[in-house]
Amino acid sequence: MAVQRFAALKTPGKGVFTGLAIYQTAVAGLFVLSSVLAGKFPVGHELLLASTAIMLWCLSALHPHFAADDERWRRIRERGMFYNYFILLVFLAVLLTVFALTPLEMSGYQTVSVIASFLISSVFITFVVLSQRM
């Protein structure tokens with residue numbers, strides 16, 4: 001009985017994503033502000049919070065598409081992941097060049113946080129761009 005009720009759940013409304021996006025943006029802003037004022041930006045976690053806020057704003061914009069779960073949404077996801085693969089390769093090449101040619105030093109946690117936050121942000125921004133173009 002409980003499994004049937006869980007399976008019948010619908011995706012949350014656009015207002016839920018917008019409210020969560022506003023909250024996450026405020027939290028990310030406070031974390032970024034505190035790390036900048038402490039002189040230790042980027043520590044890593046604030047970038048992940050900011051990318052989560054970007055993801056929620058994009059989900060708010062994409063809600064009509066993924067709520068329908070039709071062929072168009074599947075094509076947007078497919079093409080978005082395809083394009084994002086090349087975007088990530090270019091980003092990693094640029095990051096490798098920056099590390100090789102500049103005295104920039106980041107810890108492993110910071111580097112993984114930068115890559116993960118870029119990946120999260122770029123995937124959902126690509127989805128939004130493709131949803132506008134298709």
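Because only heavy atoms are used, hydrogens play no part in the values below, and waters and symmetry mates are left out as well, while side chains stay in.
Side-chain atoms of E46 come within 3.5 Å of backbone N or O of G44 as a donor-acceptor pair. Under a 3.5 Å cut-off, the side chain of Q110 and the backbone N or O of S107 do form a donor-acceptor pair. Remark: the backbone N or O of S131 is paired with a side-chain donor or acceptor of R72 at under 3.5 angstrom.
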Run the side-chain contact (heavy atoms from CB on, under 4.5 Å) check on I22 and L56 step by step: do they pass?
CA-CA 9 Å; I22 291 169; L56 287 167; over 6 Å; no

Starting from the C-alpha separation in whole Å, work towards a yes-or-no answer on side-chain contact (heavy atoms from CB on, under 4.5 Å) for F99 and T111.
CA-CA 10 Å; F99 280 147; T111 306; 4.0 Å; yes

Dump the intermediate steps for side-chain contact (heavy atoms from CB on, under 4.5 Å) on F127 and Y83, then the final yes or no.
CA-CA 10 Å; F127 287 170; Y83 293 146; over 6 Å; no

Evaluation steps, side-chain contact (heavy atoms from CB on, under 4.5 Å), between L88 and S122:
CA-CA 8 Å; L88 182 64; S122 65; 5.9 Å; no

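Put simply, the side chain of I76 does not reach to within 4.5 Å of the side chain of R74, judged on heavy atoms.
Using a 4.5 Å cut-off between side-chain heavy atoms of Ile, Leu, Val, Met, Phe, Trp and Tyr, with links allowed through other members, F118 and I115 fall into the same hydrophobic cluster. Linking ILVMFWY residues whenever their side-chain heavy atoms come closer than 4.5 Å, directly or via other members, places L89 and V94 in the same cluster. I120 and L20 end up in the same hydrophobic cluster when Ile, Leu, Val, Met, Phe, Trp and Tyr side chains are linked at under 4.5 Å. When hydrophobic clusters are built by joining Ile, Leu, Val, Met, Phe, Trp and Tyr residues whose side-chain heavy atoms come closer than 4.5 Å, directly or via intermediates, F124 is grouped together with V16. Transitive grouping of hydrophobic side chains (ILVMFWY, heavy atoms separated by less than 4.5 Å) brings L119 and M81 into a common cluster.
Taking CE of M55 as the start and CZ of F17 as the end, the distance is 8.5 Å to the nearest 0.5 Å. For the atom pair R79 CZ and N84 CG, the distance stands at 15.0 Å (nearest 0.5 Å). Rounded to the nearest 0.5 angstrom, I54 CD1 and L59 CG are separated by 12.0 Å. Atom CG of L101 is separated from atom CG of L96 by 9.0 Å, given to the nearest 0.5 angstrom. Between the CD1 atom of I125 and the CG atom of L130 there is a distance of 12.0 Å, given to the nearest 0.5 Å.
When only modelled atom types and interatomic distance are considered, T25 and W57 share a side-chain donor-acceptor pair under 3.5 Å. Counting only N and O atoms by type, the side chains of S51 and S121 include no donor and acceptor under 3.5 Å apart.
Within a 6.0 Å radius of CZ in F91, more than 12 heavy atoms belonging to other residues, nucleotides or ligands are found.
Between S117 and L48, the shortest heavy-atom distance links the atoms N-CD2, 3.9 Å.
Salt bridge absent: E78 and R75 never bring a charged side-chain N and a carboxylate O closer than 4.0 Å.
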